[in-house]
There are 4 protein chains.
Amino acid sequence: MAMSHLTAVRMPKTQTSPRRLVTEATMLPPGVTPAGSRGVILNEALRLFAERGYGSASIRDIAERVGIKAASMYSHYPSKAHVLAELIKIGHDEHLRRMREAVRSAKNDPVSQLVAVVRAHTLAHAEYAMLAVVSHAELHSLAPEFAAPILAVRRQSEMLLADIIQRGVNLGLFDVPDAQLAMLAIGAMGLRVAHWFSPDQGRTAEQIADNYAQFATRLVGVAS
Amino acid sequence: MAMSHLTAVRMPKTQTSPRRLVTEATMLPPGVTPAGSRGVILNEALRLFAERGYGSASIRDIAERVGIKAASMYSHYPSKAHVLAELIKIGHDEHLRRMREAVRSAKNDPVSQLVAVVRAHTLAHAEYAMLAVVSHAELHSLAPEFAAPILAVRRQSEMLLADIIQRGVNLGLFDVPDAQLAMLAIGAMGLRVAHWFSPDQGRTAEQIADNYAQFATRLVGVAS
Amino acid sequence: MAMSHLTAVRMPKTQTSPRRLVTEATMLPPGVTPAGSRGVILNEALRLFAERGYGSASIRDIAERVGIKAASMYSHYPSKAHVLAELIKIGHDEHLRRMREAVRSAKNDPVSQLVAVVRAHTLAHAEYAMLAVVSHAELHSLAPEFAAPILAVRRQSEMLLADIIQRGVNLGLFDVPDAQLAMLAIGAMGLRVAHWFSPDQGRTAEQIADNYAQFATRLVGVAS
Amino acid sequence: MAMSHLTAVRMPKTQTSPRRLVTEATMLPPGVTPAGSRGVILNEALRLFAERGYGSASIRDIAERVGIKAASMYSHYPSKAHVLAELIKIGHDEHLRRMREAVRSAKNDPVSQLVAVVRAHTLAHAEYAMLAVVSHAELHSLAPEFAAPILAVRRQSEMLLADIIQRGVNLGLFDVPDAQLAMLAIGAMGLRVAHWFSPDQGRTAEQIADNYAQFATRLVGVAS
DNA sequence: AATGAATGAGGCTTCATTCAT
DNA sequence: AATGAATGAAGCCTCATTCAT
């Protein structure tokens, strides 16, 4: 009833549904892109998975963008799932790497660490927006064998933030009744950046990161 | 008959990939569930779209859970997309309705309004977690004709929050250098609740909403 | 080296490789052919599996002969393997049924029973030659779940013949140093009939069955 | 590298369908195995064709067992069909060679010749069981150009047995109403040995051959 | 002699949808 | 309102083979 005014439509691939993210940059972290066709595949698959979702991006679609035939994909990856798994693994690894690097570089007090980690988290989601969106939105498309090592990485990233907050609370620096809730809220803020960030949207990734770091410190009750 | 002993040979889709959300409740807002099979379809489709994604949940899957055959689905909905569109429309409508109701019930100052709106936003994402996840994660699966009216609703919800923040800033009550960024961050916190909320996770939706309202007021620079 | 005089040839489907069997009759036992398309599928699949082998007969080939499209096959059978499994099950069931009926109808002495059983075995392989060839040649194409119930039937048929021979030996009527070897040899004679039998080859199935029954009694040392 | 943890995800073809034969020996007749990779290919192809059938054993499967890549197969054989053809040719040639040698070595009476030939036939099918199974079960996979010379060999073997029986009948030594039927039955007994023979099954090939020779002489009406 | 990459053909199967009943 | 049968399109993937290196 409520929808009866809508006529049945088969959506051709050219019509543009609402985009899952704004940016069009498919940048992968430095040093992880394989050479040759493998690397091209990874980039084109990333773009397609982001645009249409893993289930709706076909092997043929990817191959076409790479400039090879569908069958040739299998000279480089044993299955479509392996491509997705590699992308998501790269995304999670890079995220964790940056988070750890942030902690290592920061002064050893919870406030400095929180600022560093939230900045890293936010920057990662802005700079690798497409990778971040696919990593989150399509994780559920991975079979358990593929997902397990990735989930392990994810847990480490979460723990890292959680520990900082808990330490701040323990030291009486932070004022939050529910530390895990604070962790979840702070994490969520950064996650979402990947969906709307674009180099053209008027703020640099750095500016956003600075703002979000301030949001986070305020959120845990540190005046600023 | 002769083959009945072979029935069990095909492996059902049992593998449990990482879940997109924790809750298993498919609750739809009161008053919107159609009577009869239509309502059952809506609920089962919701669960399947949440579990597997729109593209990976087939008409046959839905029909099977409803207890009818795939062809019979078309006596109730003209297409699979219509089912998704109706679900997402319901989700967005209910969200906007609650947001507006929150503003209406709140005192007329930005702080009270912010608290009310963040509480409503958070509660909606906890109470209708499955609907919220599908509404966000699968919006991109809708053809533009389906998506347009929904995006209009979404913009209204965003505007509502943005306006409150802007008013707080204008009145000197809030201290944020970039009001839109604050809006995005606050919105993001609540969105994510839908993914991890569950009645069993130790906090009530109300408790979460209270915490998040405090997070929001702190985030805009109001001490609390 | 030995083959170097042969040029590489892709064999088009029209060229006729050596046939696995002579007969072209696809007869199935009475009462087991399902009505409608299912029955037609069974018959055409039988012919194709016999001609080309299970692995080389495609779903499209079968569908084409039936007069439907490949996808429509799945309204009738859940997989190609199910079609093969049903055929082989039918073949083994009918074979066992006839063997048992032969024993039941025969006088209660081992010679009469041997004659009856060998006649039944031979007749079954002549009259359902195509089914017999597929049942034997393609059993290995079935996954264990499909094969298990069929192997159980096969074992019963073998046991039936083995028991008769053993009883003849025990009663001093048969003179064979190795009863199992006799069973295998007698069984093998009949099996092979399916490959060369044809209504046009100058002997009736009955005549062959009579000859083979005599061969069998002589083989176990009964003068005749 | 980055994906090395995913290597184990694809399920290898482990399921054990009913085997077409029991033995696992891939022995080829002495003197015919080519040196180097060609010989290894022949042996591994033989094993795979026997296990899965020609159509279901891929060039890649064979190459993998040989320890080379699929493309390298073509440095040794011009096509997959050539490998099968060579195997079947070897099988038939060896069979005919042994049959002829048996006649040559036997005394010049039909009974002695029948015994010698049946022994040779049986021994060949026991000792080269795998080769025999492939030679029979996959002959139909060969294009006519490949099959023709092989069928010629086969006809010679059959003729050889048929002539002996006919001579026995003509001399009044054998008592069979239908000589060809006797030939077919005797041939069938031996054929089947290849499917169940195994060095571990309790009888030597010689013992089986002796038994089958007795079966054959009895079958043609010679007391023994 | 070996290989990585590529490819056209084709494999089985699923899908959303239609239509006569 | 429901369904069995059918179908065009498309899905992922495998295959035998080729070719430049």
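Protein chains get the first letters and strands the later ones, always in sequence-line order, with residue 1 at the start of each.
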Compare the minimum distances between each of [options] and the side chain of [X], then state the nucleotide with the smallest one.
{"X": "A:I68", "options": "F:dT17, E:dA2, E:dT7", "value": "E:dT7"}
{"X": "D:I59", "options": "F:dT7, F:dA6, F:dA16", "value": "F:dA16"}
{"X": "C:Y74", "options": "F:dT14, E:dT14, E:dG4", "value": "E:dT14"}
{"X": "C:K80", "options": "E:dT13, E:dA2, F:dA6", "value": "E:dT13"}
{"X": "C:S58", "options": "E:dG11, E:dA1, F:dG4", "value": "E:dG11"}

Check: D:R60 side chain, F:dA16 base, donor-acceptor under 3.5 Å: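 A donor-acceptor contact between them is present.
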Could a donor-acceptor pair under 3.5 angstrom be found where the side chain of D:S72 meets the base of E:dA1?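 Side chain to base: no pair below 3.5 Å.
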If you pin B:A71 and D:S75 to their nearest nucleotides in DNA chain E, which one's is more 5'?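 The residue whose closest nucleotide sits nearer the 5' end is D:S75.
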Could you identify the nucleotide paired to E:dA1, looking across every strand shown and requiring Watson-Crick or G-U wobble geometry with both distances under 3.5 Å?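 Across all strands, not a single nucleotide pairs with E:dA1.
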Checking side chain to side chain contact (heavy atoms under 4.5 Å, CB included) against B:L84, which of B:L139, B:L142, B:L46 comes through?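 Of all the options given, the one that passes is B:L142.
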In the structure I gave you, are the side-chain heavy atoms of B:I62 and B:F49 within less than 4.5 Å of one another anywhere?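 SC-SC contact between B:I62 and B:F49 confirmed.
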If you look at every heavy atom in B:R20 and B:A50, which pair is closest and at what distance?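 Heavy-atom minimum between the residues: NE-O, 3.4 Å.
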Test side chain to side chain contact (heavy atoms under 4.5 Å, CB included) on D:I88 and D:S135 and set out the steps. CA-CA 5 Å; D:I88 299 190; D:S135 295; 4.2 Å; yes
How long is the line joining CE of A:M73 and P of F:dC12, in whole Å?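 Nearest whole value for this atom pair: 10 Å.
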Separation of atom NZ in C:K69 from atom P in E:dT14, rounded to whole Å: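 The answer, rounded to whole Å, is 20 Å.
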